[in-house]
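Here's the structure we're looking at; comments come further down.
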Amino acid sequence: MDGWIKLHRKTLENPVVCKDSDYIAVWMYLLLNATHKEHQTLFAGEKITLQPGQLITGRKTISEKFNIDESKVQRILKSFENEQQIEQQTSNKNRLISIVSWPDYQDCEQQDEHQVNNNCTTTEQQVNTNKNVKNLKNERIKELKDIKTFAVYTSNTDLNYALESFVEFRKKIKKPMTDRAIDLLLSKLDKLATNDEEKIAILEQSILNGWQSVFPVKNKDGGKIANARERVENHNAGIDFGF
């Protein structure tokens, strides 16, 4: 038989079950062997439903378990019955014993089991919530790491947009840029261009031509540059011009 029972400290104050060591041994035997849930069994040749707090045993079984004379086991059980600790029905082979106070134990056990289940559920939910929060936080950190800010390099929003577009373009062609590569890109832009407009044109030229690096602008005409910028914006928006 698996599981456990509750044993209240007030048991030590019960003069009936604590009369001597044999009495308390028999009492513990009854508590530990009583069923905690209904189940079908046979008693006196009939099929019955054993209720919580009941057990089928015999004085010989208890006698052999604790090496107590059968006659004393009989006296102990009769004493428990007289003091309304148990109820018993006997047959020619064994006896059906019902522990009168068992509902008190059972109610307490059910309450504790319900509380344990609630605590486990709450704990699991909290763990899952913490895991989800942690995962979202890690994903956000990864997203922030993937975004290269160019605010330190330039305050020009158009140039900032062009730089971000080039970095995003590199990702789309499966050639993502490392921080070192971006630093080299900025250094090269400073050498190739004398102002922000030229840097923008250089970046847009590379995006439109599918170049992985940057090169001097082939045509520095302002109209060409503006037209190229419009084509880059359309390209990022998903409009295909056949490039």
Side-chain angles (χ1 to χ4, degrees), residues 1-140:
M1 182 176 292
D2 297 327
W4 49 273
I5 63 166
K6 283 186 170 292
L7 182 63
H8 202 285
R9 290 187 176 91
K10 286 186 176 180
T11 301
L12 296 175
E13 300 174 8
N14 188 333
V16 179
V17 301
C18 293
K19 187 173 183 179
D20 63 28
S21 59
D22 291 340
Y23 274 73
I24 197 166
V26 174
W27 181 246
M28 291 298 102
Y29 175 87
L30 299 180
L31 291 178
L32 291 168
N33 285 276
T35 185
H36 66 284
K37 60 183 179 180
E38 294 183 2
H39 69 86
Q40 301 292 317
T41 190
L42 290 175
F43 176 69
E46 296 182 2
K47 189 174 183 179
I48 66 168
T49 300
L50 208 60
Q51 300 295 326
Q54 292 183 323
L55 69 152
I56 295 176
T57 187
R59 63 183 184 183
K60 183 177 181 180
T61 302
I62 299 174
S63 172
E64 292 175 351
K65 181 71 175 179
F66 298 107
N67 195 26
I68 304 173
D69 290 340
E70 286 188 39
S71 59
K72 185 171 184 180
V73 172
Q74 175 65 19
R75 292 197 305 273
I76 292 173
L77 293 175
K78 190 63 178 177
S79 175
F80 289 166
E81 184 179 18
N82 292 336
E83 296 296 334
Q84 298 181 341
Q85 303 295 311
I86 66 171
E87 294 176 353
Q88 55 181 341
Q89 302 175 41
T90 59
S91 69
N92 57 349
K93 291 183 178 180
N94 47 29
R95 62 185 68 200
L96 172 63
I97 297 177
S98 304
I99 300 173
V100 175
S101 59
W102 184 262
D104 297 334
Y105 289 97
Q106 184 67 11
D107 290 343
C108 188
E109 181 177 332
Q110 288 179 339
Q111 182 178 359
D112 285 354
E113 183 178 353
H114 180 69
Q115 182 65 37
V116 168
N117 290 337
N118 285 342
N119 289 341
C120 289
T121 301
T122 302
T123 301
E124 290 173 358
Q125 290 175 343
Q126 185 62 44
V127 169
N128 290 335
T129 300
N130 291 340
K131 285 182 179 179
N132 291 337
V133 171
K134 185 176 181 181
N135 289 337
L136 290 173
K137 183 178 180 181
N138 290 338
E139 289 176 3
R140 182 57 182 160

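Hydrogens, waters and symmetry mates play no part in the numbers below; they use all other heavy atoms, side chains included.
- For the atom pair CD (Gln85) and CG (Leu77), the distance works out to 12.0 Å, reported to the nearest 0.5 Å.
- Between Met28 and Leu7 the shortest side-chain heavy-atom distance falls below 4.5 Å.
- Annotation for Ala25 and Phe66: closest pair O-CZ, 3.5 Å, computed over non-hydrogen atoms.
- With hydrogens and angles ignored, the 3.5 Å screen pairs a side-chain donor or acceptor of Gln54 with a backbone N or O of Gln51.
- For Leu30 against Phe80, the heavy-atom pair with the smallest separation is CD1-CD1, 4.1 Å.
- Smallest separation of non-hydrogen atoms from Cys18 and Ile24: SG-CD1, 4.0 Å.
- Using a distance-only test at 3.5 Å, with no hydrogens or angles considered, no donor-acceptor pair links the side chain of Ser98 to the main chain of Val100.
- To the nearest 0.5 Å, atom NE2 of residue His8 and atom CG of residue Asn14 are 12.5 Å apart.
- Considering every non-hydrogen atom in both Ile99 and Trp27, the closest pair reads CG2-CH2, 3.9 Å.
- Atom CD of Gln84 is surrounded by 12 or fewer heavy atoms from other residues, nucleotides or ligands within 6.0 Å.
- By the salt bridge (Lys or Arg N to Asp or Glu O under 4.0 Å) test, Glu81 pairs with Lys78, sequence neighbours left out.
- In this structure, CD1 on Ile86 lies 14.0 Å from CH2 on Trp102, to the nearest 0.5 angstrom.
- Taken from CG in Leu55 to CG in Asn33, the straight-line distance is 6.0 Å, to the nearest 0.5 Å.
- Of all the heavy atoms in Pro52 and Lys37, the pair that sits closest is CG-CA, 4.0 Å.
- Distance check: Lys72 NZ to Tyr23 OH gives 7.0 Å after rounding to the nearest 0.5 Å.
- A side-chain hydrogen bond (donor to acceptor under 3.5 Å, both in side chains) check over residues 55-70, counting only residues at least two apart or in different chains, returns the pairs Tyr29-Thr57.
- When side chains are defined from C-beta on, Thr41 counts as touching Ile48, because their heavy atoms get closer than 4.5 Å.
- Residues Ile68 and Ile62 fail the side-chain proximity criterion, which asks for heavy atoms closer than 4.5 Å.
- Side-chain N/O atoms of Asn94 and Ser91 include a donor and acceptor closer than 3.5 Å.
- Rounding to the nearest 0.5 Å gives a distance of 11.0 Å between CG of Leu42 and CG of Leu50.
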